[in-house]
There are 2 protein chains.
Amino acid sequence: MGTTLTAKGAATRQRIIQGAATLIQDQGISSTSLDDIAARTQTGKSQLFHYFPEGKTALLVAVAEFEAASILADQQPYLSNLTSWDAWQDWRNRVVERYEAQGRQCRLGVLTTQLGPASAASEKIAADLQAEWERLLLEGIQGMQQSGHIRPSVDAAAAAAALIAGIYGGVLILLASGSAYHLASALDVGIASLRGH
Amino acid sequence: MGTTLTAKGAATRQRIIQGAATLIQDQGISSTSLDDIAARTQTGKSQLFHYFPEGKTALLVAVAEFEAASILADQQPYLSNLTSWDAWQDWRNRVVERYEAQGRQCRLGVLTTQLGPASAASEKIAADLQAEWERLLLEGIQGMQQSGHIRPSVDAAAAAAALIAGIYGGVLILLASGSAYHLASALDVGIASLRGH
DNA sequence: GTGATAATGTACTGGTGAGTCCAATGACCA
DNA sequence: TGGTCATTGGACTCACCAGTACATTATCAC
């Protein structure tokens with residue numbers, strides 16, 4: 001990375017990150033070598049270390065950032081507008097559809113099981129993502145309480161935590177089984193419990 | 001393993017499995033080499049290959065089996081006797097206590113995120129465990145429906161799947177954060193939803 | 001006890017993968 | 001146009017690790 005970065009350099013760097021992300025999704029982090037990434041992105045090891053002087057760990061952190069950024073973006077604008085039961089249902093459908101489509105290559109699964117454990121920095125990225133996601137759900141629940149859709153006696157923080165746990169577990173099972181049934185069930189039960197059914 | 005196994009040999013084999021399990025819990029599968037396992041278990045590489053002629057993969061499968069067996073056993077007798085709300089609460093408390101105590105070294109987390117992805121055989125062990133666990137929960141829910149504690153309109157399969165997803169996600173978050181709050185919340189919300197609160 | 005076989009110790013091999021070195025090429029700016 | 005620095009290519013080193021070969025010691029059956 002020297003000091004500055006030309007347009008061409010920035011493009012190469014981005015190509016490396018995305019190529020690495022794809023390889024990790026396809027074959028797992030432990031089977032993805034720097035040589036693989038170089039071959040996939042039409043670069044060489046010298047470029048990899050040129051753009052990521054701290055080596056593989058730094059590259060993986062960049063990949064984790066890239067994945068994390070897209071996970072919340074994928075759920076917008078629904079996730080930030082959970083102001084009616086229809087909106088909750090729309091968000092739920094978006095999540096299930098997205099993860100059903102991604103299947104075993106889903107970004108959240110890769111982030112939590114492959115990239116997260118790889119380094120402390122990546123673990124923090126995964127933790128920050130989870131915290132932000134949970135915060136948005138909590139906001140949605142509290143807003144629904146203020147508008148009278150959800151009873152005040154509901155523990156909003158616990159409900160948000162339970163939803164997040166259900167999503168993460170559903171995705172974990174999706175990774176192993178390829179089925180989004182558990183994810184969908186967790187969301188349905190969680191939302192039904194908010195509605196007081 | 002040759003053909004037979006003396007008492008001494010069986011003990012050594014078991015020591016290898018447990019030592020490997022501990023190392024993987026402590027430092028992750030990718031940082032655990034056969035040399036590490038040999039050193040830890042006061043053996044040598046020749047023993048490792050003597051008892052696991054198919055090599056590291058077979059050893060890891062044995063570790064996965066060992067971990068999986070203890071996960072359900074840890075929840076007994078509660079898990080097989082979910083016949084009253086008190087029993088459900090006892091089971092919930094047992095799970096939360098156990099995982100809080102295990103913290104980041106929890107067996108289920110290791111099995112799903114470290115061992116499971118390592119080979120198809122280990123993945124099957126993890127999948128079988130999940131299926132069995134879910135079956136026991138389903139039995140509990142259906143029994144409670146028959147005894148009139150849970151309304152017949154509740155989708156028992158979906159409720160069991162949601163509980164499993166919450167547990168798996170709670171454990172995943174426990175691995176990253178060290179906190180069992182999400183696990184506890186998921187169980188509380190899931191059980192409350194069964195009770196119709 | 002003795003022979004067969006299980007259990008263990010040690011030294012080695014071959015491959016792989018992260019990271020380095022240095023030379024060459026290309027782009028931008030004075 | 002010439003110089004500087006970013007960019008790229010390719011060969012190389014070094015460490016680690018799974019797996020092997022072979023020799024030695026302990027154990028069990030008869």
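Note that these values count all heavy atoms, side chains included, but never hydrogens, waters or copies made by symmetry.
- Nearer the 5' end of DNA chain C, as judged by each residue's closest nucleotide, is the contact made by B/Gln47, out of B/Gln47 and A/Thr57.
- Nearer the 5' end of DNA chain D, as judged by each residue's closest nucleotide, is the contact made by A/Lys45, out of A/Lys45 and B/Asp36.
- A salt bridge between A/Arg94 and A/Glu97 is absent, with no side-chain N of the basic residue lying under 4.0 Å from a carboxylate O of the acidic one.
- Counting to the nearest Å, the C1' atom of D/dC17 and the CG atom of B/Leu48 are 13 Å from each other.
- Spacing between atom CD1 of A/Ile29 and atom C1' of C/dA18 amounts to 14 Å, rounded to whole angstrom units.
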Side chain to side chain contact (heavy atoms under 4.5 Å, CB included) between A/Ser119 and A/Val61, intermediate numbers included: CA-CA 8 Å; A/Ser119 74; A/Val61 170; 3.8 Å; yes
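- The side chain of A/Leu34 sits closest to C/dG19 out of C/dG19, D/dA6, D/dT8.
- Contact check, B/Thr6 against C/dA7: a side-chain N or O comes under 4.0 Å of OP1 or OP2.
- Taking atom CG of residue A/Leu5 and atom C1' of nucleotide D/dC5, one finds them 13 Å apart after rounding to whole Å.
- Side-chain contact check for A/Leu194 versus A/Trp85: some heavy-atom pair is nearer than 4.5 Å.
- In this structure, A/Phe49 places its CZ atom 16 Å from P of D/dG9, rounding to the nearest Å.
- Whole-Å rounding puts the A/Asp35 CG to D/dA11 P distance at 13 Å.
- Here A/Ser46 does not reach the OP1 or OP2 of C/dT20: none of its side-chain N or O atoms lies under 4.0 Å away.
- Position along DNA chain D of the nearest nucleotide to B/Glu54 versus B/Lys8 favours B/Glu54 as the more 5'-ward residue.
- Taking 4.0 Å as the cut-off between side-chain N and carboxylate O, B/Asp128 and B/Lys124 count as a salt-bridged pair.
- Look at NZ on A/Lys56: it is 12 Å from C1' on C/dG19, rounded to the nearest Å.
- Rounded to an integer number of Å, the gap from CZ of A/Arg15 to C1' of D/dT8 is 11 Å.
- Closest contact between the side chain of A/Tyr51 and the listed nucleotides C/dA7, D/dG19, D/dT8 involves D/dT8.
- The pair A/Glu65-A/Arg107 does not meet the salt-bridge criterion, since no charged nitrogen lies less than 4.0 angstrom from a carboxylate oxygen.
- Rounded to an integer number of Å, the gap from A/Leu60 CG to C/dG17 P is 14 Å.
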